[in-house]
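Only this structure's heavy atoms are used, side chains among them; waters, hydrogens and symmetry mates stay out. Note that ligands are numbered from 1 as they come in the structure, with each ligand's atoms numbered from 1 the same way.
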Amino acid sequence: MKTPLSSCEAAEIRPPTVMVAAVSLLNAEGKVLLQQRPEADAHGGLWEFPGGKLESGESFEAALVREIAEELDLIVRPENLTPVTFATGAAGNAGRSITILLFCCRIWDGEPKPLAAAQLAWMEPAMIGTLAMPPLDYPLAERLSQILQSGFI
Ligand SMILES: Nc1nc2c([nH]c(=O)n2[C@H]2C[C@H](O)[C@@H](COP(=O)(O)OP(=O)(O)OP(=O)(O)O)O2)c(=O)[nH]1
């Protein structure tokens, strides 16, 4: 007879997926805000879309509202977040996978401040892929640029 797996054993066999919500904040000139991770962090020095990991029980939109306040001192509202695309891949060497959902947002309150980043930069969508970024950001940036060019969002 098979013994049911405890939740710990199941977790060892199927490591959790890291879920990340990220946003392309788009200004009136059609430029996208990127932030550079501090050198001391994982992926230090690389550029990324603002955002972060979902906390337990949190929706993607709620995670972004929280992360954008923490990282940039901006207020974004869930109704102004439009899903754009996603990317999945391996997260580090612990056997876990990562899923990043990228949203777009044109309306927020406040001026962005680099509270968690080394620096911020407004980039033309087609130029984002020229930055040094984590691997999953290249397909995210390419798809974002295509979708913005199409005028679909
Ligand atoms: N925010 C963000 N994270 C990204 C991007 N691309 C990418 O691979 N990641 C990865 C890096 C991290 O492994 C993970 C996000 O983790 P994080 O460290 O920023 O999350 P967090 O703010 O919740 O930080 P912490 O609580 O773990 O300290 O997603 C991106 O464009 N934006």
### Chi angles and distances behind the side chain to side chain donor-acceptor pair (under 3.5 Å) call for Ser97, Thr17
CA-CA 5 Å; Ser97 66; Thr17 296; 3.0 Å; yes
### Message
I'd like to know whether CD of Glu111 has more than 12 heavy-atom contacts from other residues, nucleotides or ligands below 6.0 angstrom.
### Response
no
### Task
Test side-chain contact (heavy atoms from CB on, under 4.5 Å) on Val76 and Leu25 and set out the steps.
CA-CA 10 Å; Val76 297; Leu25 294 168; 4.3 Å; yes
### Query
Can you tell me if Glu71 and Gln35 form a side-chain donor-acceptor pair at under 3.5 Å?
yes
### Query
Between Arg66 and Glu55, is the closest basic N to carboxylate O distance under 4.0 Å?
yes
### Task
Give a yes or no answer on whether the side chain of Asn27 reaches the backbone of Gly30 with a donor-acceptor pair at less than 3.5 Å.
yes
List, pair by pair, the atoms of ligand 1 and of the protein that are both N or O and lie under 3.5 Å apart, giving the separation rounded to 0.1 Å.
unit_1: ligand 1; atom_1: 1 (N); unit_2: Phe49; atom_2: O; d: 3.2
unit_1: ligand 1; atom_1: 1 (N); unit_2: Gly51; atom_2: O; d: 3.2
unit_1: ligand 1; atom_1: 3 (N); unit_2: Glu48; atom_2: OE1; d: 3.4
unit_1: ligand 1; atom_1: 6 (N); unit_2: Asp137; atom_2: OD1; d: 2.5
unit_1: ligand 1; atom_1: 18 (O); unit_2: Arg37; atom_2: NH2; d: 3.4
unit_1: ligand 1; atom_1: 19 (O); unit_2: Arg37; atom_2: NH1; d: 3.2
unit_1: ligand 1; atom_1: 20 (O); unit_2: Lys53; atom_2: N; d: 3.4
unit_1: ligand 1; atom_1: 22 (O); unit_2: Glu67; atom_2: OE1; d: 3.3
unit_1: ligand 1; atom_1: 22 (O); unit_2: Glu67; atom_2: OE2; d: 3.4
unit_1: ligand 1; atom_1: 23 (O); unit_2: Lys53; atom_2: N; d: 3.1
unit_1: ligand 1; atom_1: 23 (O); unit_2: Glu67; atom_2: OE2; d: 3.2
unit_1: ligand 1; atom_1: 27 (O); unit_2: Lys53; atom_2: NZ; d: 2.4
unit_1: ligand 1; atom_1: 31 (O); unit_2: Phe49; atom_2: N; d: 3.0
unit_1: ligand 1; atom_1: 31 (O); unit_2: Asp137; atom_2: OD1; d: 3.4
unit_1: ligand 1; atom_1: 31 (O); unit_2: Asp137; atom_2: OD2; d: 2.5
unit_1: ligand 1; atom_1: 32 (N); unit_2: Phe49; atom_2: O; d: 2.7

